[in-house]
S.K.: 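The structure under discussion is supplied below as structure tokens; questions concerning it will follow.
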Amino acid sequence: MDINAQYRLWLEKAVADPDLTEELKAVENNEDEILDRFYRDLEFGTAGLRGVIGAGTNRMNYYTVCRATQGLADFLNKHFENPSVAIGYDSRIKSDYFSIEAAKVLAANGVKVYIYEELEPTPCLSFAIRYFNTSSGIILTASHNPAKYNGFKCYNSNGYQMTDEEADETYGFIQKVDYFTGIKSMDFDKAVADGIIEYMGDTVINAFLDEVQKQCVNPDIVKESDLKVIYTPLNGTGNKPVRAILDRIGVKDVYVVPEQELPDGNFPTCPFPNPEIRQSFKCALKMAEEIQPDLLLATDPDCDRVGIAVQDGDGGYKLMSGNEVGAMMLNYLLSQKAEKGTLSEQSVAVKSFVSTDLAEVIAKKYNCTFKNLLTGFKYIGELITQLESEGRANDFVMGFEESYGYLAGTHARDKDAVVASMLICEMAAYYKSQGKSLAEVMDSLYDEFGYYFNVVESYTFEGAAGMEKMADIMNSLRESAPNNFAGYEVIRVDDYKTSTSINVADSSTETIELPKSNVLAYTLMNGNKIIVRPSGTEPKIKAYITAIGKNKEEAGEIAEKLIAEANALMN
């Protein structure tokens, strides 16, 4: 590929968005900047596209978005007689613009479009796909990434993100589309007048909220609890739907962080709008000094993840991890359904395999079938769809990922911070009625089952050189498998890329019955674990570390040793 020829072509042809021309002129003669924009095409996978907003084939812009949409249209027209697509978008820079341009491309290709009138959470898009029975769905979002990113997530007709096969075939169509001559488009207003583009009204959102509300297990507990909550949508999509569902269940004392209430893709008070990070709670924690709430909630920009902070007993607030919230929510749902006699004898709960094993132990207590799936909520969506096809949708209790994604109910096939926010508040109200904080509830679970110290270490590798470094690290781990980590013997090695599980003691192997994925998992003595996985959406390798001890101190000491070992591997 001649990078400079690509650059000159874009300088000449990329005139649809004036921002692109300005940017291209600004980097003229800067070889590093030109290389970074053109050394590759943004890849389309099961998570769609994601990248920095800007000019070039390796950026999110009018041409990369419309090229992907054209490829999607070609894929849909091959497989559906009358294809249709639901489109949503979040508060990110250019998300609304990209959504309109994508709709114009689909309409020009004869694909019916249902589009939200304003920004909405990702789970609302998943819901709309099944509500309208569309062939596919698109949401313009980069989830919890910094402001410079945007993304194009693609869903199938079941309401979860495309499978590997669907994404691969769609990518094949995309690669055939020329950026400047291969994209069809039409006038948006004409498409609306012709009925090929149709706005979704409040009816859809209200139907979504109705389904969310059905997941309450103690519907009246909140009204009686006088629960006090501080909420921040982090300048994203959660503001209206989260407040609406909390109002429906009786949470009247909701204080919204004013600086982070309204949509703003620049995220001025929160450069990393990720509820996993304490900085996301900075403004909320400041408010808490005066209000003294029971609970702080923060949803990410597309409102598919939620983080919480709870009273710690010393007048401060403790941030709870995604693993802790997932385990605690599962325990709450199972215990309450069991108590009320509504727990199915064939109940099923599920998590991503990198999430805490504490959840599996809790499920066993209630005779609930438990499944571990690959990282990516589409796998949980697939499981729900399978249960539904067997007439067992009501057997699904919940699914979660350690990265703050939860789903109870089958209304969506993606993680849903609206239903999770509702259940967290209900759970907090229930335990408040017993004189317990959520921190105390979590401590009681650790006392009962042992302390599970779960931590995720992320290692960033930017640019072309970074991609090579990530590949080298994974190859090295495969070719020279460690036999211990920090003195803890490796008992089993699971290579999800080769679908092989190796028992180290006798070298026997088993087949892993999950889709292939570039992941290595090491099970150590006493149930401790290290799982190494390149991110599917960011230039990072993540190490998921589990350390199990009798108490926090013992587990923490083990975790420190394993973290140090992981750090050494990534250098």
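Note that the structure is predicted; figures quoted are calculated from it, not measured.
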S.K.: Is the backbone of L358 close enough, under 3.5 Å, to the side chain of T356 for a donor and an acceptor to pair up by distance?
M.R.: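 Looks like yes, one N/O pair under 3.5 Å.
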S.K.: Can you confirm whether more than 12 heavy atoms, excluding those of K318, are under 6.0 Å from its NZ atom?
M.R.: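 Above 12, so yes.
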S.K.: Does the side chain of Y332 pick up a donor-acceptor pair with the side chain of E426 at under 3.5 Å?
M.R.: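 Checked: Y332/E426 side chains pair up, N/O donor to acceptor below 3.5 Å.
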S.K.: Tell me yes or no: between the side chains of N567 and Y459, is some donor less than 3.5 Å from an acceptor?
M.R.: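 Side chains of N567 and Y459: pair found under 3.5 Å.
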S.K.: Is it true that a side-chain atom of N266 and a backbone atom of P268 form a donor plus acceptor pair closer than 3.5 Å?
M.R.: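 No; judged by distance alone, with no hydrogens or angles, the pair does not exist.
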S.K.: Could you tell me if the side chain of P233 sits less than 4.5 Å from the side chain of Y231, heavy atoms only?
M.R.: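 Yes, side chains in contact.
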S.K.: Does N394, at its CG atom, have more than 12 non-hydrogen atoms belonging to other residues, nucleotides or ligands within less than 6.0 Å?
M.R.: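 Not more than 12 within 6.0 Å, no.
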S.K.: Indicate yes or no: at least one non-hydrogen side-chain atom of P121 is less than 4.5 angstrom from one of F208.
M.R.: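 No, every pair of side-chain atoms sits at 4.5 Å or beyond.
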S.K.: Are S91 and N235 close enough that a side-chain donor and a side-chain acceptor fall under 3.5 Å?
M.R.: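 There is no such pair (donor and acceptor under 3.5 Å, judged by atom type) between the side chains of S91 and N235.
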S.K.: Just wondering, are more than 12 heavy atoms of other shown residues or ligands nearer than 6.0 Å to CD in E510?
M.R.: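 No - once you tally the heavy atoms of other residues, nucleotides and ligands closer than 6.0 Å, there are 12 at most.
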S.K.: Could you give me the CA-CA distance, side-chain angles and deciding distance for D357 and K351, then say whether salt bridge (Lys or Arg N to Asp or Glu O under 4.0 Å) is met?
M.R.: CA-CA 9 Å; D357 292 334; K351 69 175 179 68; 3.5 Å; yes
S.K.: Stepwise, does the salt bridge (Lys or Arg N to Asp or Glu O under 4.0 Å) test hold for E388 with R413?
M.R.: CA-CA 12 Å; E388 190 175 61; R413 302 297 156 92; 3.1 Å; yes
S.K.: Is there a donor-acceptor contact under 3.5 Å linking the side chains of Q311 and S437?
M.R.: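 No - no donor-acceptor pair under 3.5 Å links their side chains.
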S.K.: Can a side-chain donor-acceptor contact be found between N323 and S321 if the only test is distance below 3.5 angstrom?
M.R.: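 No, because no side-chain N or O of S321 sits under 3.5 Å from a partner of the opposite role on N323.
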S.K.: If you define the side chain from C-beta out and look only at heavy atoms, does anything of Y452 sit under 4.5 Å from V361?
M.R.: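 Yes. Closest side-chain heavy atoms under 4.5 Å.
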S.K.: With no hydrogens and no angle check, do the side chains of Y430 and Q336 hold a donor and an acceptor under 3.5 Å apart?
M.R.: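 Note: Y430 and Q336 side chains meet the donor-acceptor criterion.
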S.K.: Does one side chain, of S535 or K542, offer a donor that lies under 3.5 Å from an acceptor on the other?
M.R.: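 No donor-acceptor contact under 3.5 Å links the two side chains.
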S.K.: Is there a side-chain contact between N239 and C303 in this structure, where contact means two heavy atoms from C-beta onward sitting under 4.5 Å apart?
M.R.: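 In short, these two side chains do not touch, never coming nearer than 4.5 Å.
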S.K.: With the side chain counted from C-beta on, respond yes when F353 and Y496 share a heavy-atom pair under 4.5 Å apart, and no when they do not.
M.R.: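 When only atoms from C-beta onward are counted, Y496 and F353 do touch, with a gap below 4.5 Å.
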S.K.: Using a 6.0 Å cut-off, check whether atom CD of Q434 has over 12 heavy atoms from anything other than its own residue.
M.R.: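 Correct, the count exceeds 12.
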S.K.: Determine whether the side chains of T237 and D302 contain a donor N or O and an acceptor N or O closer than 3.5 Å.
M.R.: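 Not at all, the side chains of T237 and D302 share no donor-acceptor pair under 3.5 Å.
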S.K.: With heavy-atom distances below 4.5 Å as the criterion, would you say the side chains of N526 and I558 are in contact?
M.R.: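 With C-beta onward as the side chain, the pair stays apart.
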S.K.: Keeping the roles fixed (side chain from D220, backbone from E224), state whether a donor-acceptor pair exists under 3.5 Å.
M.R.: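 No.
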S.K.: Can you find a pair of side-chain heavy atoms, one from S143 and one from D300, that are under 4.5 Å apart?
M.R.: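 Yes; the side chains approach each other to less than 4.5 Å.
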S.K.: Within the distance-only criterion (no hydrogens, no angle test), does the side chain of Y155 pair as donor or acceptor with the backbone N or O of I139 below 3.5 angstrom?
M.R.: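 No.
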S.K.: Checking R243 against E261 for the salt bridge (Lys or Arg N to Asp or Glu O under 4.0 Å) test, could you report, in this order, the C-alpha distance in whole Å, the side-chain angles of both residues, the deciding distance, and whether it holds?
M.R.: CA-CA 11 Å; R243 292 169 74 174; E261 177 179 4; 2.9 Å; yes
S.K.: Quick one: are M329 and Y406 in side-chain contact, heavy atoms under 4.5 Å?
M.R.: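 They are in side-chain contact.
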S.K.: With no hydrogens and no angle check, is any side-chain donor or acceptor of D294 less than 3.5 Å from a backbone partner on K228?
M.R.: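 Such a contact is found between D294 side chain and K228 backbone.
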S.K.: As an exercise, state the distance from OG1 of T375 to CD of E401, rounded to the nearest 0.5 Å.
M.R.: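 Interatomic distance, T375 OG1 to E401 CD, rounded to 0.5 Å: 6.0 Å.
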